[in-house]
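Only this structure's heavy atoms are used, side chains among them; waters, hydrogens and symmetry mates stay out. It should be emphasised that the depicted structure is a prediction, and the values quoted were computed from it without experimental measurement.
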Amino acid sequence: MSRILITSALPYINGVKHMGNLAGSMLPADVYARAMRLLGHDVLYICATDEHGTPAELAASDAGMGVAEYCDTMHAAQAAAGADFKLSYDYFGRSSAPSNHALTQHFAHVLEAQDLIYEKVSKQVYSNADGRFLPDRYVEGTCPNCDFDAARGDQCDNCGKLLDPIDLINPYSAVSGSKDVEIRETNHLYLRQSALSDRLRAWVDASEGWPSLATSIARKWLDEGLRDRAITRDLSWGIPVTNPDGSRRAGFEDKVFYVWFDAPIAYIAATQDWAAKTGGDWQQWWKTDAGADDVQYVQFMGKDNVAFHTLSFPTSLIGSAEPWKLVDQLKAFNWVTWYGGKFSTSAKRGVFMDQAISIAPSDNWRWHLMANAPEGDDAAFTWEEFAVSVNSDLANVLGNFVNRITKYAAGKFDGKVPSGGTEGEDEAWITAELETRLPALIAHYEAREFRKAMEQTRAIWAAGNEYLTKAAPWTHYKTDVDAAAVGVRAGLNLVALFGIIAQPIIPDAAGKILNAMGIPENNRTWNFGDIPALLNALPEGHAVSAPDVLFSKIEDADITDWATKFGGGE
RNA sequence: GGUGGGGUAGCUCAGCUGGUUAGAGCGCAGGACUCAUAAUCCUGAGGUCGUGAGUUCAAGUCUCACUCUCACUACCA
C-alpha cells in the first residue's frame, strides 16, 4: 500500500467549467483517485476553487455582486457541478480560505528571508474610468506593427506579434471601452525564480514518467532563461501583503498577492482545511520531515498550467528552505476542442458542466471524455463521437452483456447462480484473456495512461460477449442443463467483474450492476489475485437480479437537437 | 517571430530504445447466432505512415529542408 496525494488544477471561479476543463484535470484526477483507492492505496484527493485575480472581480461586477458574495455563489455552483459528475474529492476547498491567506503570507515571509523576494517598480496601464490597473490582455488598441485596430495588449490577433500594452496606439480599456487610460508606475514584489534556475533544471531532469509535454515546456522556459515574476497585483480582492508580524506591508496597502502565487499554495491550505474537518494530519502529506517523504504526489493539469507547476510553485517550495513535498508525477493534458475549434461561451460553442449533466448522465460523459482523453494531442469533441461512445461501448458492449445474461439467468435459472457442470475450453479461454488483460489494465492505471486503460476495459467487456457466444448456454440448455449452467455461472461472475473494473470510470452504472449482483461494498475492491477463481467468485445459489436498462441510447434526433443548441457540425 | 506538440486506413487514434506481410475502435461489406437495449460473434475490403532529400543491410520510427495545424510565449488564469 502506498500513500498517494492527488491534486487537480484548481478550476477558476469565474463560471461553471466546460467539458474541456473537466477532461483535462478534475476528471482524470478523479478516475485515478478511484482506481488507486480500489487497489488499496491510501489516497488523498484535493481540489479547490481558484478565486482571486482580475477576471473574478470583473465577473462579480458583471453579475452585480460583491466579489466575496460572487465567489461564495460560484464555489457552491462548482462544488455542485463536481458532485453531479461524481468527482470524489476528499476535500474541495477555496483559495480564498483563511488557511490559504496565512500560508501564502508565510511563504512570502520565508522566501523574503531567503532573499528570493524583492521590490521593483514597473509601468502598467491604469484606467481612470474603471478605477483599476489593467492586465495586459485587458488593454486594447491599434497594433503598432500592422495597424489592426483591436489588438490586445499582450498580442495582436491579426499579425500575431507579441506586444507590450505600453506600445499600443490609441489604447482603451477592454473592460469599459474607455480611452481615459494612462501609464502609471507601480511597485511590486518579485519572486527571484532566476536564482533557482539550476536547481529547478536538475529537479526537472531527474523527473521520471512525466509526459514529454510537461518536461519540454519546463525545459523551454529554463532554456530561455527563467525571469523573475511579479507576485503581487494592484487589486483589492485577494490575499493581503503583510509583514511577518501580520501588519500590512508599507506601500502595499492596496495590493494583494498574484493569483498564481497563492493558487498552488491552496493545495496545501486545502489539505489543512481537510485535516481540520476530518481530524487528519496534513503535515504527513506535505512535510517530508513529518512522513511525506514516502508520499507519491501526483498532479493533474492542462498544458497551460505546466509552467506554474514545474517552475513557479516549485520555486516557492524549494526556495522556502522548508521541507515541503514536491510533485512526483505530473500528468499534463492537451485540450479538448469543440469540433476542432475553441470552446466559446459567447458563440454558443461547447457544453458546460451544468448543461452537460442535463443532457446525459455523468457516466456517459466520464466514459467518453476518458476514452478520448487529450493525452497525446488536442482531442476533438463531436456529438457523433459522443454518441458512438455511449451507444457502442456502454449500451451495446457493456449494457447489453449485463442485460442478456442476467435476463437469461432470471428466466431459466430462477435468478440464482447455478451450480453443476464442468468447465471446459471456453472457460479456459476467458480465463486466459483475463490473466493477460487485468494486469494490463492495472498497469495502465498506474501509469496514468487513460486512453489505454479505457481501451483495455472495453476489451475485457467485449471478451465477455465473445465468451457467451462461444459457450452459448442457450444452445446447451436444450440438451444438457448442467452444461448451460457453467456458461450462466461464468457469465454472471463476469457481470460482477465488469462492474468492479468499471467503478473508477462510471461509478453510477457500476454501482447499479454490483447492487443487482448482490456484491457487498467491501467485496468491490481490486484484488484479482487468483484469476481462474473469478469465474466462481459468486456463491452458488446466490440470488442476482437483472438491472434496469443501464444506458439509454442516443438517437440521431438528439444529436441534431444538441448541435443546434450548443454548436457543432458546421 | 521564438519554442513545443501533432500531421498514420472514410472518422478518432495506438505504434517503446529503427528490424519479418503497419495495428485498434467506429464506419462499411459478407456470414453466423437468436440469450439480449435490431444487441452480439466471425470474416473481409480499405493506408506508397504530410512533401522532398539524406543516414543505414534495414526508417512510420533517426537527420535536414519544406508544408499544414494546434498550443505556449511570463500582467488572462
Closest approach to the side chain of [X], judged atom by atom: which nucleotide of [options] is it?
| X | options | answer |
| --- | --- | --- |
| A/Y408 | B/rA77, B/rC35, B/rC41 | B/rC35 |
| A/R137 | B/rU37, B/rC76, B/rC41 | B/rC76 |
| A/R227 | B/rC76, B/rU37, B/rA74 | B/rA74 |
| A/W221 | B/rC41, B/rC72, B/rC75 | B/rC72 |

Query - Residues in contact with RNA chain B, drawn from residues 484-491 of chain A - heavy-atom cutoff 4.0 Å - result: none
Tell me what [X] touches on the nucleic acid: a base, only sugar-phosphate, or nothing, going by heavy atoms under 4.0 Å.
| X | result |
| --- | --- |
| A/F133 | nothing |
| A/T54 | sugar-phosphate |
| A/A56 | nothing |
| A/G225 | base |
| A/K220 | base |
| A/A380 | sugar-phosphate |
| A/D304 | base |
| A/I405 | nothing |
| A/G399 | base |
| A/A379 | sugar-phosphate |
| A/R219 | nothing |
| A/F401 | nothing |

Distance, nearest 0.5 Å, that separates [atom1] of [X] from [atom2] of [Y]:
| X | Y | atom1 | atom2 | answer |
| --- | --- | --- | --- | --- |
| A/S194 | A/R229 | OG | CZ | 12.5 Å |
| A/L189 | A/F261 | CG | CZ | 8.5 Å |
| A/Y467 | A/W429 | OH | CH2 | 10.0 Å |

Query raised in the report: Out of A/W365, A/W335, A/W562, which residue meets the ring-ring contact (aromatic ring centres under 6.0 Å, His included) rule with A/F381?
Result: A/W365
Heteroatom pairs (N/O) under 3.5 angstrom, protein to nucleotides 15-17 of chain B:
from, atom 1, to, atom 2, distance (Å)
B/rG15, OP1, A/K452, NZ, 3.4

Report summary line: Correct closest heavy-atom pair for A/P473 and A/A484 would be O-CB, 3.3 Å
Protein-nucleotide distance ([X], atom [atom1]; [N], atom [atom2]), rounded to Å:
| X | N | atom1 | atom2 | answer |
| --- | --- | --- | --- | --- |
| A/D167 | B/rG1 | CG | P | 19 Å |
| A/D556 | B/rG27 | CG | P | 12 Å |
| A/H18 | B/rA77 | NE2 | P | 16 Å |
| A/Y467 | B/rU40 | OH | P | 19 Å |
| A/E384 | B/rG27 | CD | C1' | 13 Å |

Query - A/D556 atom CG, over 12 foreign heavy atoms within 6.0 Å - result: no
Requested in this report: Using a strict cut-off of less than 4.0 Å between a Lys/Arg side-chain nitrogen and an Asp/Glu carboxylate oxygen, indicate whether A/D558 and A/K553 qualify as a salt bridge.
Outcome: no
Query raised in the report: Are any of the side-chain nitrogens in A/D130 or A/R132 under 4.0 Å away from the carboxylate oxygens of its partner?
Result: no
**Report entry** Whether A/W474 stacks on the six-membered ring of B/rC35 base, 5.5 Å and 30° limits
**Finding:** yes
Kindly indicate whether the side chain of [X] and the base of [N] share any N or O donor-acceptor pair separated by less than 3.5 Å?
| X | N | result |
| --- | --- | --- |
| A/E224 | B/rU73 | no |
| A/R404 | B/rA39 | no |
| A/N400 | B/rA36 | yes |
| A/Q124 | B/rC75 | yes |

Query raised in the report: Does A/R233 put a side-chain nitrogen or oxygen below 4.0 Å from OP1 or OP2 of B/rC75?
Result: yes
Requested in this report: Would you tell me if any nitrogen or oxygen in the side chain of A/N396 comes within less than 4.0 Å of OP1 or OP2 on B/rU40?
Outcome: yes
Atom pairs under 3.5 Å, N or O on each side, protein against nucleotides 67-70 of chain B: can you list them with distances?
from, atom 1, to, atom 2, distance (Å)
B/rC70, O2', A/D378, OD2, 2.3

Do [X] and [Y] pair up side chain to side chain, a donor and an acceptor below 3.5 Å, judged on atom types alone?
| X | Y | answer |
| --- | --- | --- |
| A/D234 | A/Y126 | no |
| A/H368 | A/D393 | no |
| A/Y172 | A/E140 | yes |

Report summary line: Expected label for B/rG46 (glycosidic angle, syn inside 90° of 0, else anti) would be syn
Identify each atom pair where a protein N or O and an N or O of nucleotides 22-25 of chain B are less than 3.5 Å apart, giving names and distance.
from, atom 1, to, atom 2, distance (Å)
B/rG25, O3', A/R458, NH2, 3.1

Report summary line: On RNA chain B, more 5' by nearest nucleotide between A/S552 and A/V259 is A/S552
Query raised in the report: Start at the 5' end of RNA chain B and walk down; is the nucleotide closest to A/K553 or to A/E375 reached first?
Result: A/E375
Requested in this report: Give every residue pair that meets the side chain to side chain donor-acceptor pair (under 3.5 Å) criterion with at least one member in residues 469-494 of chain A, sequence neighbours excluded.
Outcome: A/R489-A/N536
**Report entry** Runs of at least three Watson-Crick or G-U pairs with RNA chain B, cut-off 3.5 Å
**Finding:** B:1-7 with B:67-73, B:10-13 with B:23-26, B:28-32 with B:40-44, B:50-54 with B:62-66
